[in-house]
Participant: 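Next up is a structure, given as structure tokens.
Lettering of chains follows the sequences in order, A, B, ..., and the numbering in each one begins at 1. For clarity, every value in this text was computed on a predicted model and none was experimentally measured.
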Amino acid sequence: MRSIIDRLITTTLERLRHEGIFSPDTAFVFNVERPRDKNHGDFATNAALVLAKAARLPPRLLAEKIVAALPDTQNDVEKWEVAGPGFINFFLSDYSLHTIIPTIWQAGSQFGHSQIGAGRKIQVEFVSANPTGPMHLGHGRGAVTGDVIARLLQAIGCTVEREYYINDAGAQTLVLGRSVLIRYYALFGRAVTLPEGCYPAEYVVEIAQALRERDGDRWLAAELPAEPPPAVVDFAMAHCLGWIRDDLALLNIHFDTWFSERSLHQRGLIAQVAARLEEKGLIYEGILEPPKGKLLEEWEPRPQRLFRSSQFGDEVDRPLQKSDGTFTYFAADIAYHLDKAERNFDTLINIWGADHGGYIKRVQAALTALTGKPGLLEVRLVQMVNLFRGGQPVRMSKRSGTFVTLREVVEEAGSDAVRFWFLLRSAGANLDFDLELAMAKTNDNPIFYVQYAHARVHSVWRRLAEKGLPPHTVQRDQLARLTEPDERDLLRLLSRFPEVVENAALEKEPQKIPYYLLELAAAFHTYYNGHRILDEDADLRGARLSLIGAVGLVIANGLTLLGVHAPEQM
RNA sequence: GCGCUCGUAGCUCAAUUGGAUAGAGCAACGGCCUUCUAAGCCGUAGGCUACAGGUUCAAGUCCUGUCGGGCGUACCA
């Protein structure tokens, strides 16, 4: 519908160009949008406002001229008007509004999907939590956000791949291995005090027990080794990865690719990427300035191999190799992102915790230097989650190892509530998650409110059958009976759904879907309370059933995009 | 200090990416069930969009500055 209005205006403007109001080289850029205020019609354009200068006319006068030149539009547009500073508002006819109902019934679960992203290949990398422990709430939020961005992009026709980057190389894996080994010794009565920096949490004991169960006393030696045996490290990581996979599965999140950092080392890709940067003259031996504004007692000037990231928009150059010659994590990350870039994606999207924000520029800089494509990598930051229960914050401390895991929360509140709630805020904003509220069966709880609207639609179907009435089918000629303002509100909302999906996908802003669904659910509840669906009048009844059926379908489609169930009964 | 990010009703947050009179929910107050789920609905009240400039026909949104919160700030990942 929007495109029809769009074409209508363009045609009219061309007509005015012939009359000499616009010069031949005037570019017609204008918007057609949905006014927030329904008194302003179904669509409005700012064409007269934007083009007033080119026409050398006051905006309102130009608007009048445009309106006068608009062609006849048969059934679709009932009226138009010039309003405000020079907007042109279009009011759709009832007939045109009603068209959305058969469209929705026909498209079914595909309504809202489109092909505007067809041909685009996009990779979303998310979660990528270190395999050194169970996932916490923040990981869960990143997981849900990434998954839904992927779903949205698929809904507009993109080819999407979900990838998890496993940090299975580096110091923290040894810390895990050492922690497990110490607990393992303790299981055999060989108490060793846990050194500074080791993981104190209970889950480490669990891993140690699993290790003993599998291997018995095989890793017990006369003395605790300085480095944990590689097999122990691998066992511990695999155990953690198992947890992570299980937790993600609980949230119905599945990855296409699990990419191992270690494989980069094994294939020599890191040294290779360093050499490539070297060839381009972007590496040098240097000493970084001490960072300002932060007291660093241990700072000392150190010569390092530095990448000239400052040539590509970063603040300072970044170390690729440590002073002992080994590669930094950053070096591995460059190799990883280059590998992704060479897999022919049109866009790479990373979902990162907000604490990694300072890292974006350097990775983008490296990627730009290596590929020459500055916009390839897009990073979305996800802020932290604060856990509440009945309005009271749940205290957590990572240091003492007392924190609530993602699994505990999902098991208590359920995947639907967790997913919906995590999506309710824009990723950039902190999020308060209240366990009690997320499970409440009242309209304070947004997820319940939306699911209840869907269930109500289905309760009407059940009533229909109980009354012995025939199953419903849409009949176009009945729809003329939908004339109530509440019905028009619903029709307008329904017709917006594909635009909302498109917008949410393009902007990568999943929270637009829950907000839309809340709006639709509210309009439906209002309607349901004020009007009887199963009216005596068969035509009116048919029309209303067609309408609420469409509402039910759209709510279900919206929830499906969020990975949330649409129950038929509460 | 610098970078990123956020600042909107008492609280938690939206706002079609520059559009018209800034919207919801919670909390407060007042109403609606012999009728399809009251697990719901309706109404009242609540605002100098942190502040000051600038760009524009039009600014919560863009640019500059100030104030305030969060995150980050070499050989951790």
Participant: Kindly say if T526(A) contacts the phosphate of C42(B), meaning a side-chain N or O under 4.0 Å from OP1 or OP2.
Facilitator: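 Looking at the OP1 and OP2 atoms of C42(B), one of them is under 4.0 Å from a side-chain N or O of T526(A).
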Participant: Whether R362(A) contacts C4(B) is assessed here as follows: a side-chain N or O lying under 4.0 Å from the phosphate OP1 or OP2. Is that the case?
Facilitator: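 Negative; the distance criterion is not met.
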Participant: Which base, if any, makes a Watson-Crick or G-U wobble pair with G65(B), both distances under 3.5 Å?
Facilitator: C51(B)
Participant: Grab the N/O contacts between the protein and nucleotides 33-36 of chain B below 3.5 Å, and write none if there aren't any.
Facilitator:
from: U35(B); atom 1: O2'; to: R532(A); atom 2: NH1; distance (Å): 2.6
from: U35(B); atom 1: O2'; to: R532(A); atom 2: NH2; distance (Å): 2.9
from: C36(B); atom 1: O2; to: L534(A); atom 2: N; distance (Å): 3.2
from: C36(B); atom 1: N3; to: I533(A); atom 2: N; distance (Å): 3.0
from: C36(B); atom 1: N4; to: Y528(A); atom 2: O; distance (Å): 2.5
from: C36(B); atom 1: N4; to: H531(A); atom 2: O; distance (Å): 2.5

Participant: Can you measure Q383(A) atom CD to G72(B) atom C1' for me and round it to whole angstrom units?
Facilitator: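 In whole Å, G72(B) C1' and Q383(A) CD are 11 Å from each other.
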Participant: Which letters describe nucleotides 12-20 of chain B, given B = protein heavy atom under 4.0 Å from base, S = only from sugar-phosphate, - = neither?
Facilitator: SSSSBB-BB
Participant: Given the rule in the salt bridge (Lys or Arg N to Asp or Glu O under 4.0 Å) test, do K512(A) and E509(A) qualify, once you have shown the distances and angles that lead to the verdict?
Facilitator: CA-CA 6 Å; K512(A) 290 177 187 295; E509(A) 295 196 335; 3.6 Å; yes
Participant: Whole Å only: how far is the CG atom of D355(A) from the C1' atom of U73(B)?
Facilitator: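 Rounded to whole Å, this separation is 13 Å.
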Participant: So what's G46(B) paired with, Watson-Crick or G-U wobble, going by both distances under 3.5 Å?
Facilitator: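 Pair assignment: G46(B) / none.
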Participant: In whole Å, measure the gap between the C1' atoms of G72(B) and A77(B) for me.
Facilitator: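 It works out to 14 Å between them.
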Participant: Is the base of U64(B) syn or anti, where syn means the angle lies within 90° of 0?
Facilitator: anti
Participant: Roughly, in whole Å, what's the span from NE2 in H265(A) to C1' in A77(B)?
Facilitator: 12 Å
Participant: Categorize R318(A) for me: base, sugar-phosphate, or nothing, with a 4.0 angstrom heavy-atom threshold over every strand shown.
Facilitator: nothing
Participant: Between C41(B), A77(B), G3(B), which nucleotide gets closest to the side-chain atoms of K361(A)?
Facilitator: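 The listed nucleotide nearest to K361(A)'s side chain is G3(B).
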Participant: Is there a Watson-Crick or G-U wobble partner for A9(B) with both distances under 3.5 Å, and which nucleotide is it?
Facilitator: none
Participant: Need the pair for C4(B). Rule: Watson-Crick or G-U wobble, both distances under 3.5 Å, any strand; none if unpaired.
Facilitator: G70(B)
